[in-house]
Amino acid sequence: MKRLHLHDTLSRDRCEIFPEDGEKFRFYCCGPTVYGPAHIGNFRAFLVQDLFRRVIELSGIKTLHVRNITDVDDKTIREAQKSELSLIEFTAGWTERFHQDAKQLNMLDPHLEPSAVQHIPEQVQLIERLIENGNAYPSGDGSVYFSVKSYSNYGKLTRIDQRDLMAGAGETANDADEYEKDNVCDFVLWKARKPEDGDNYWDSPWGSGRPGWHLECSAMGMKYLGETFDLHAGGVDLCFPHHENEIAQSEASTGKQFARHWFHNEHLMVDGSKMSKSLGNLYTLTDIHDRGFSAAELRYSLLSGSYRTKINFSFDRMNEARINLKRIASLVQNLGAGLPSYEELCDCGSSEDMNLGPFESSWEALLEDLNAPAALGELFVAIKPLEKELAEGDVPEDTKKAALHGLAFLVHAFGWVLPEIESEQLALDVPDHVKDLAEKRWIAKKEKDWAESDRLRDAVISEGWVIKDSKDGYELEPS
RNA sequence: GGCGAGGUAGCAAAGUGGUAAUGCGCUGGUCUGCAAAACCGGUAUUCGCGGGUUCGAUUCCCGCCCUCGCCUCCA
């Protein structure tokens, strides 16, 4: 059984992916900050992680997937207070929305979804440990900082030298609320309570306050996955400082390696630049629906580029996704029987004789650093002769079944939700006046009244329907 | 300034030291009264620019130009 190889941000090398404990592949993904609807760039990250998990599981490896909910930070507190809801109520609402979106996008649920506010004690303990080890210090105002100079490996993920860091930080490091730091690149572990935090504070040995942002992932990752686990994922922007700081906190406290591998996805661009509220190029799933596209089409589109390359979101790209999904769906339909389920495939993925037939090379492309464009290329190469045979008729059932089995691995790896290719059922939804026009047109055609026939066909088209003729009848489809 | 990604057909996008996958689009054909659908075929003598190494480079090396990201919250 071939295994997935993945580019590891830490080693900058392609690594074989397998569970260190031989049983479950344990990985942590930085989850959403729940202060509003996630945008499609956020979803690119979660979809790439979903693809990653599916490929591992389809190759027969069990996983333990943890993805956190960030429900306490500057933004959640600020927005909760604006909304006049408690922080808990406010973040619960957006967490729910996130779950709905994730479901529409056919994302597998993580096995555990811990939230920061539910893990204050764990975070406090971690700080205590860091202070004991001499890696953290309380400041005069009741905050606690991590001392970067106390940890000699600082910067190993992004290869940032402390000197460069300080030089680069020179212009921006004098924020009024950061004056308590010993060193400009030290970062906060515990933030002392401020008036603007309202009721959102917790007790600690250093006084009231709340945990710093980087801390939650360290505390929860180690709690649920162990002090060392297999992989940690997130968007490229998180490499620095978030992941760098996580590594520092975690490894300084345990003396052990934190995550064995780091997996980062590139950003989604819109109109050639990063999505942001200020540029007004930010789309949510609702916006996508409003433009007439489905979550399934978005999923196809966002996963059609390689995860380490920036991709530019466009509605042309969405159209392409729609067309390709239809093509795959109609192939599946023409192959007769339904697709085997994801669970069935995960079971057979562990067996040595996992055979994908013509789809083998497509699958292998995925195993090489999740090379989605190559996998799609190979997929269409495999599909074409099948389409031809099916168009010509007479394909043996065995061939169909084998093709369906192989294709299913790709469909489930990408998590595609295929559109229904309906004929009879759909006909029921055709408005009566359209049916009427189509029927009259069919009669005119039979009588070889081409002018009238064409006129009626145009009328049907202008109603938003397409007529597909066959030898002894016709079908209507929405255009 | 530091670190990093990338420049391949109209668009999107793989890839390799030996002469360019694939998808969309466009285009020709089969079918059709004509279309649509479906299927068949065509669509980069060339891979940002200039040098170098080599029998041979898009792929390796050097220089240059351009785009984008991170270095502050960020998927």
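Quick caveat: nothing in here was measured; it's all calculated off a predicted structure. Order of the sequence lines fixes the chain letters, A, B, ..., with proteins taken first and strands second; residue numbering starts at 1 for each chain. Atoms considered below: every heavy atom in the structure, side chains included; atoms not considered: hydrogens, waters and symmetry mates.
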Original post:
Testing A:His111, A:Arg26, A:Arg53 for side chain to side chain donor-acceptor pair (under 3.5 Å) with A:His65, which one passes?
Top reply: A:Arg53

Strictly below 4.0 Å, N to O, side chains only: are [X] and [Y] in salt-bridge contact?
| X | Y | result |
| --- | --- | --- |
| A:Arg457 | A:Asp454 | yes |
| A:Arg291 | A:Asp287 | no |
| A:Glu387 | A:Lys384 | no |
| A:Arg67 | A:Glu113 | yes |

Which part of the nucleic acid, if any, lies within reach of [X] when heavy atoms closer than 4.0 Å are counted: base, sugar-phosphate only, or nothing?
| X | value |
| --- | --- |
| A:Thr309 | sugar-phosphate |
| A:His39 | base |
| A:Gly41 | base |
| A:Gly235 | sugar-phosphate |
| A:Leu379 | nothing |
| A:Glu392 | nothing |
| A:Asn42 | base |

**OP:** Verify whether the ring centers belonging to A:Phe409 and A:Phe359 lie closer than 6.0 Å.
**Re:** no

**OP:** Check salt bridge (charged side-chain N to carboxylate O under 4.0 Å, His left out) between A:Lys274 and all other residues, then give those that pass, not counting sequence neighbours.
**Re:** none

Inter-nucleotide [atom1] distance ([N], [M]), Å rounded:
| N | M | atom1 | result |
| --- | --- | --- | --- |
| B:rG42 | B:rG10 | C1' | 16 Å |
| B:rC11 | B:rU43 | C1' | 14 Å |
| B:rC40 | B:rA75 | C1' | 44 Å |
| B:rU72 | B:rU67 | P | 23 Å |
| B:rG48 | B:rC65 | C1' | 8 Å |
| B:rA21 | B:rU58 | C1' | 14 Å |

**OP:** Of all the heavy-atom pairs spanning A:Phe313 and A:Ile288, show the shortest one and how long it is.
**Re:** CZ-CD1, 3.6 Å

Original post:
Looking at A:Asn312 and A:Arg317, what are the two nearest heavy atoms and their distance?
Top reply: O-CD, 3.6 Å

Original post:
How long is the line joining CG of A:Asp369 and P of B:rA14, in whole Å?
Top reply: 12 Å

Original post:
Separation of A:Arg159 atom CZ from B:rC71 atom C1', in whole Å?
Top reply: 17 Å

Subject >> Pairs touching residues 230-246 of chain A that satisfy salt bridge (charged side-chain N to carboxylate O under 4.0 Å, His left out), sequence neighbours left out >> reply: A:Asp230-A:Arg260

Subject >> Proximal nucleotide (of B:rU22, B:rG41, B:rG15) relative to the A:Lys384 side chain >> reply: B:rG41

**OP:** Looking only at side-chain atoms of A:Thr33, point me to the closest of B:rG23, B:rA75, B:rA13.
**Re:** B:rA75

Original post:
Are any of A:Arg12's side-chain N or O atoms less than 4.0 Å away from OP1 or OP2 of B:rG4?
Top reply: yes

**OP:** Compute whether any side-chain donor of one residue and acceptor of the other, for A:Gln100 and A:Glu96, lie under 3.5 angstrom apart.
**Re:** yes

Original post:
Under the side-chain hydrogen bond (donor to acceptor under 3.5 Å, both in side chains) rule, what pairs show up with a residue in residues 30-40 of chain A, not counting sequence neighbours?
Top reply: A:His39-A:Asn42

Please list each protein N or O that sits under 3.5 Å from an N or O in nucleotides 66-70 of chain B, with the distance.
{"unit_1": "B:rC70", "atom_1": "OP1", "unit_2": "A:Lys274", "atom_2": "NZ", "d": "2.3"}

**OP:** Only one of A:Asp197, A:Asp73, A:Asp74 passes salt bridge (Lys or Arg N to Asp or Glu O under 4.0 Å) with A:Lys191; say which it is.
**Re:** A:Asp74

Subject >> Contact nearer the 5' end of RNA chain B, comparing A:Val466 with A:Ile311 >> reply: A:Ile311

**OP:** Identify all stems in which RNA chain B takes part, counting only runs of at least 3 consecutive pairs (Watson-Crick or G-U wobble, each distance under 3.5 Å), and give each as one range with another, ordered by first number.
**Re:** B:1-7 with B:65-71, B:10-12 with B:22-24, B:25-30 with B:38-43, B:48-52 with B:60-64

**OP:** Determine, for nucleotides 26-35 of chain B in 5'-to-3' order, which nucleotides have protein heavy atoms under 4.0 Å from the base (write B), from only the sugar-phosphate (write S), or from neither (write -).
**Re:** -------BBB

